[in-house]
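Reading through the structure tokens given below for one structure.
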Protein chains: 2
Amino acid sequence: MSHGRFSPESTRLDDAARAGWLYYVAGNTQDEIARKMGVSRQSAQRLVAMAVAEGLVKVRLDHPIGRCMDLAAALRDRFDLQICEVAPSDPDAPDLLTGIAIAAAAELERVLKSPEQRIISLGTGRSLRALVEQLPRMSCPQHVIVSRLGNMMEDGSATPYNATIRLAERVGAPHYPYPLPVLAPDARELRAMQQQLGVRNTLTLCARADISLVGIGQMDMTAPLHVDGFLPEPEIRELIAQGAAGEITSWIYDGDGRIMDCAFNRRVASAPLPANPEKPVVALASGTAKLPAIRAALKGRLITGLITSEATAERLLA
Amino acid sequence: MSHGRFSPESTRLDDAARAGWLYYVAGNTQDEIARKMGVSRQSAQRLVAMAVAEGLVKVRLDHPIGRCMDLAAALRDRFDLQICEVAPSDPDAPDLLTGIAIAAAAELERVLKSPEQRIISLGTGRSLRALVEQLPRMSCPQHVIVSRLGNMMEDGSATPYNATIRLAERVGAPHYPYPLPVLAPDARELRAMQQQLGVRNTLTLCARADISLVGIGQMDMTAPLHVDGFLPEPEIRELIAQGAAGEITSWIYDGDGRIMDCAFNRRVASAPLPANPEKPVVALASGTAKLPAIRAALKGRLITGLITSEATAERLLA
DNA sequence: TTGCCGGATGGGCATTTGCCCGACCGATGG
DNA sequence: CCATCGGTCGGGCAAATGCCCATCCGGCAA
């Protein structure tokens with residue numbers, strides 16, 4: 001079929017998509033694909049591999065595995081959750097993000113399919129990024145996507161893992177990046193920042209969000225806040241000593257899930273977490289390291305939804 | 001992990017789902033799955049196969065091409081087509097010819113690449129012209145290109161959009177223009193014309209063609225036959241009233257895809273359309289105006305192949 | 001108890017797939 | 001003009017997969 005007669009970039013991906021379709025959907029063997037597309041067997045293989053690598057093929061398992069459903073029901077019951085999904089774990093890679101990303105994507109897709117406007121607010125983190133990658137491209141101009149926290153460090157550079165922009169461009173919805181850095185220099189400047197009109201608007205959207213998806217950060221030396229440079233070692237040690245258990249959109253909370261009254265939190269510029277939220281606040285979190293943080297968040301009802309892995313669900317219920 | 005320890009029915013599917021998950025999502029090899037689930041390699045394979053067979057595994061191709069291939073497969077299935085291609089539509093210009101021209105060119109290129117002789121017969125129309133423009137220059141002296149209908153009006157002047165000549169010169173193949181006008185003055189003269197030796201030869205070639213590419217004409221006031229002056233307004237109105245739905249190489253057919261028994265068809269000098277063709281007769285057609293004509297042609301099996309646009313494909317399946 | 005039957009099991013093998021590697025092609029720069 | 005370099009191509013081979021088939025197991029009826 002077509003060689004590089006047209007724009008070589010796009011055609012190559014198109015061919016990859018075509019090969020992927022023939023392989024995964026139509027069930028052709030790579031030999032047949034090669035013949036049908038007029039390329040060598042190896043090229044066909046490369047095209048299929050590219051379709052996978054570029055994330056064109058999405059596999060979803062449409063079966064509530066009994067054990068996971070049981071765990072999800074138990075979690076919902078025990079922690080009074082509005083939303084709970086448990087994805088199977090690979091025993092050897094129990095913290096693989098793909099599983100919960102797919103489960104969360106399915107959940108979010110349901111929201112996105114609604115014809116009425118939905119305000120969707122997002123935190124940051126690797127799990128949210130993975131979630132976005134699992135979503136199909138859609139056209140949902142009726143919804144609004146808003147970030148619950150900034151993606152700038154104090155010096156103005158951007159943090160990675162910004163899910164909001166990617167989500168917005170993938171589903172074709174208007175989006176509101178968070179117009180402040182993660183941290184303000186001090187409490188006084190923070191108040192000044194929050195007076196700005198654009199900020200107040202974004203904060204209102206966050207407060208009205210129909211669903212919020214957030215990550216959960218642990219509080220140890222591998223804490224995202226520490227790794228990303230927001231929380232120097234002495235400060236995080238101090239906080240841990242004072243009982244810090246976890247963090248959601250940079251708000252640090254203690255073992256009972258209460259937002260701590262500390263210097264750091266007084267500088268946090270993220271949208272406030274609703275106390276006793278009516279609309280679901282769903283956390284995506286899994287892994288041994290995050291267990292105490294998840295437990296505390298559940299205990300303090302900082303979250304009313306949880307999407308996690310089988311292994312983590314088991315430990316939470318133990 | 002779990003063998004058939006519990007209700008054998010449900011757990012078996014659960015195991016299948018788990019195996020499928022480990023395979024497709026976590027990317028395990030079947031050996032690893034076997035080890036993790038404590039079954040033999042073959043059983044793991046069977047579980048994965050079952051997950052697929054039971055439809056637990058859903059593969060989605062997140063690329064415009066993917067949607068097109070789904071539509072093509074559905075059309076092939078629904079209308080029992082030998083060849084079907086669906087080109088992506090630009091939502092802003094859904095009836096642009098370029099897309100289907102490229103798809104058709106790819107199809108034709110494959111035929112042209114064959115080292116054995118192929119007889120290729122062509123109709124007329126803008127889509128066929130566009131198709132030819134998309135072909136690269138090649139050297140295929142082994143093939144034969146033949147026109148299925150004339151390009152002369154009754155007064156001897158030529159109609160535009162003659163694809164045969166352009167195709168022949170582009171791919172360097174011998175070609176046979178159709179040695180008659182589009183319409184004979186009446187049925188008697190038509191019979192006389194068809195006795196000529198050269199005509200009989202051309203008709204044989206058309207009947208033996210390994211692939212035929214044709215356009216489809218709609219039957220309304222924008223009908224190519226009317227616009228090009230072959231079908232004056234009173235006559236076309238009359239035909240529409242009698243149920244004319246479309247036209248292929250000037251043969252007018254009704255809503256069920258049956259060639260109509262009418263004065264016009266008795267004067268048509270084009271090669272006859274094969275009834276229940278064995279070799280593919282592929283139509284290039286897209287656009288809202290042509291929908292009824294395409295539907296009827298499919299219904300009557302006047303064509304066994306279709307190359308169309310995404311938008312048109314959707315409407316045909318609706 | 002015995003024999004039969006349906007379904008699951010794993011050995012074994014042909015096919016298919018993934019991937020390394022040397023060859024080749026076209027663009028770029030000296 | 002040649003050297004270089006990034007990228008693609010296809011040969012070849014080891015690993016992974018699909019599947020046939022002989023065997024085994026448990027239930028069941030004679």
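Below, chains carry the letters A, B, ... as their sequence lines are ordered, and counting in each starts from 1.
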Indicate whether OP1 or OP2 belonging to C:dT17 is found under 4.0 Å from a side-chain N or O atom of A:Thr29. yes
For D:dT17 and B:Tyr23 - does any side-chain N or O of the residue sit under 4.0 Å from the phosphate oxygens OP1/OP2? yes
Gap separating the CG atom of B:Leu205 from the CD1 atom of B:Ile119, nearest 0.5 angstrom: 5.5 Å
Whole-Å distance between [N] [atom2] and [X] [atom1]?
{"X": "A:Asp31", "N": "D:dG11", "atom1": "CG", "atom2": "P", "answer": "12 Å"}
{"X": "B:Glu32", "N": "D:dT17", "atom1": "CD", "atom2": "C1'", "answer": "14 Å"}
{"X": "A:Tyr24", "N": "C:dT16", "atom1": "OH", "atom2": "P", "answer": "16 Å"}
{"X": "A:Gln30", "N": "D:dG10", "atom1": "CD", "atom2": "C1'", "answer": "14 Å"}
{"X": "A:Met37", "N": "D:dT8", "atom1": "CE", "atom2": "C1'", "answer": "15 Å"}
{"X": "B:Leu22", "N": "D:dT17", "atom1": "CG", "atom2": "P", "answer": "13 Å"}

With sequence neighbours left out, the residues meeting side chain to side chain contact (heavy atoms under 4.5 Å, CB included) with A:Glu133 are A:Arg129, A:Arg166, A:Arg170
Looking at [Y] and [X], is there a salt bridge between them, counting it only when a charged N and a carboxylate O are closer than 4.0 Å?
{"X": "A:Glu109", "Y": "B:Arg60", "answer": "yes"}
{"X": "A:Glu314", "Y": "A:Arg67", "answer": "yes"}
{"X": "A:Glu310", "Y": "B:Arg18", "answer": "yes"}

How about CZ on B:Arg78, more than 12 heavy atoms from neighbouring residues, nucleotides or ligands closer than 6.0 Å, or not? yes
Looking at the base of C:dG11, is there any donor atom on it, or on the side chain of B:Arg41, that sits under 3.5 Å from an acceptor on the other one? no
Within residues 42-53 of chain A, residues whose heavy atoms come under 4.0 Å of DNA chain D: A:Gln42, A:Ser43, A:Arg46
Taking the side chain of B:Ser40 as heavy atoms from C-beta outward, which of C:dT17, C:dG10, D:dA16 is closest to it? C:dG10
